[in-house]
Amino acid sequence: MSLSKIFGIAASSMAAQSLRLNVIASNLANTDSVTSANGAPYRAKQVVFSAIPVDHGASAVRVTGVVEDPSPMRRVHDPQHPLADADGYVTYPNVDVVEEMVNMISASRSYQNSADVMATARYLMLKTLSIGE
């Protein structure tokens, strides 16, 4: 495998993890949003990846979509809330803050690993060019 393909694979990973981090930030920002632009409570979103075979068993990654989390919404009994239903329950987003934080750490570490791969490949290319000097 050529070193240029390594850069392509690492770049695809960094782009995918960057989008994942943006979605996680959106989920965390809407943790306590009772309504959204469409009037319904915000639904957590998840990024779906797929592998793209590149060469000799190596694979790049591609984002195939951003889907809504089907888990049930969080309902809190608060009859004094202006958006409470007839039974006194307020529906909050289905965002699990702990899960989002774990996903954020995973995505940021994956992003950093891809950046390290690019730095190592660059270093190896420079060392290869300096052979014979």
A.B. asks: Just grab all the salt bridge (Lys or Arg N to Asp or Glu O under 4.0 Å) pairs involving residues 85-110, residues at least two apart or on different chains.
C.D. replies: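 Sorted pair list: Arg75-Asp85.
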
A.B. asks: Of all residues at least two apart in sequence or in a different chain, which pass the salt bridge (Lys or Arg N to Asp or Glu O under 4.0 Å) check with Asp78?
C.D. replies: none

A.B. asks: For the residue pair Met118 and Ala10, what are the closest heavy atoms and their distance?
C.D. replies: CG-CB, 3.5 Å

A.B. asks: For residues 37-44, run the donor-acceptor check on the side chains, cut-off 3.5 Å, and write out each pair with its distance to 0.1 Å, sequence neighbours left out.
C.D. replies:
residue	atom	partner	partner atom	Å
Asn38	OD1	Ser36	OG	2.6
Asn38	OD1	Ala40	N	3.0
Tyr42	OH	Ser26	OG	3.2
Tyr42	OH	Asn27	OD1	2.7
Arg43	NH1	Asp69	O	3.0
Arg43	NH1	Ser71	O	3.0

A.B. asks: What heavy-atom pair brings Asn94 and Pro72 nearest, and what distance separates the two atoms?
C.D. replies: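 Asn94 and Pro72 have their closest heavy atoms at CB-O, 3.3 Å.
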
A.B. asks: Would the distance check show the side chain of Ser108 and the main-chain N or O of Met104 forming a donor-acceptor pair, the cut-off being under 3.5 Å?
C.D. replies: yes

A.B. asks: If every non-hydrogen atom of Phe7 is compared with every non-hydrogen atom of Met125, which pair is closest and at what distance?
C.D. replies: CE1-SD, 3.3 Å

A.B. asks: Between the main-chain N or O of Val48 and the side-chain N or O of Thr64, is there a donor-acceptor pair closer than 3.5 Å?
C.D. replies: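 Side chain of Thr64 to backbone of Val48, a donor-acceptor pair under 3.5 Å: yes, one is there.
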
A.B. asks: Has Ser110 got a side-chain atom pairing as donor or acceptor with Ser106's backbone, closer than 3.5 angstrom?
C.D. replies: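 Side chain of Ser110 to backbone of Ser106: no pair is present.
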
A.B. asks: Applying side-chain contact (heavy atoms from CB on, under 4.5 Å) to Glu68 and Gln46, what does each step give before you reach the verdict?
C.D. replies: CA-CA 6 Å; Glu68 289 188 345; Gln46 303 292 327; over 6 Å; no

A.B. asks: Scan residues 14-26 for pairs that pass salt bridge (Lys or Arg N to Asp or Glu O under 4.0 Å), counting only residues two or more places apart or in two chains.
C.D. replies: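 Output for this query is empty, none listed.
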
A.B. asks: Not counting sequence neighbours, list each pair that qualifies as a ring pair (Phe, Tyr, Trp, His ring centres under 6.0 Å) and has a residue in residues 62-101.
C.D. replies: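 Found His77-Tyr89.
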
A.B. asks: Is there side-chain contact between Asp32 and Arg74, with at least one heavy-atom pair below 4.5 Å?
C.D. replies: yes

A.B. asks: Which atoms form the tightest heavy-atom contact between Ser59 and Ile9, and what is the distance?
C.D. replies: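 Answer, listing the atom of Ser59 first, then Ile9: O-CG2, 3.6 Å.
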
A.B. asks: Is there a side-chain contact between Val61 and Ile52 in this structure, where contact means two heavy atoms from C-beta onward sitting under 4.5 Å apart?
C.D. replies: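 Side chain of Val61 against side chain of Ile52, heavy atoms only: no contact under 4.5 Å found.
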
A.B. asks: Would the distance check show the side chain of Thr128 and the main-chain N or O of Leu124 forming a donor-acceptor pair, the cut-off being under 3.5 Å?
C.D. replies: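 Flag set: sc Thr128 to bb Leu124 pair under 3.5 Å.
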
A.B. asks: Listed by chain and number, what are the side chain to side chain donor-acceptor pair (under 3.5 Å) partners of Ser13, not counting sequence neighbours?
C.D. replies: Ser114

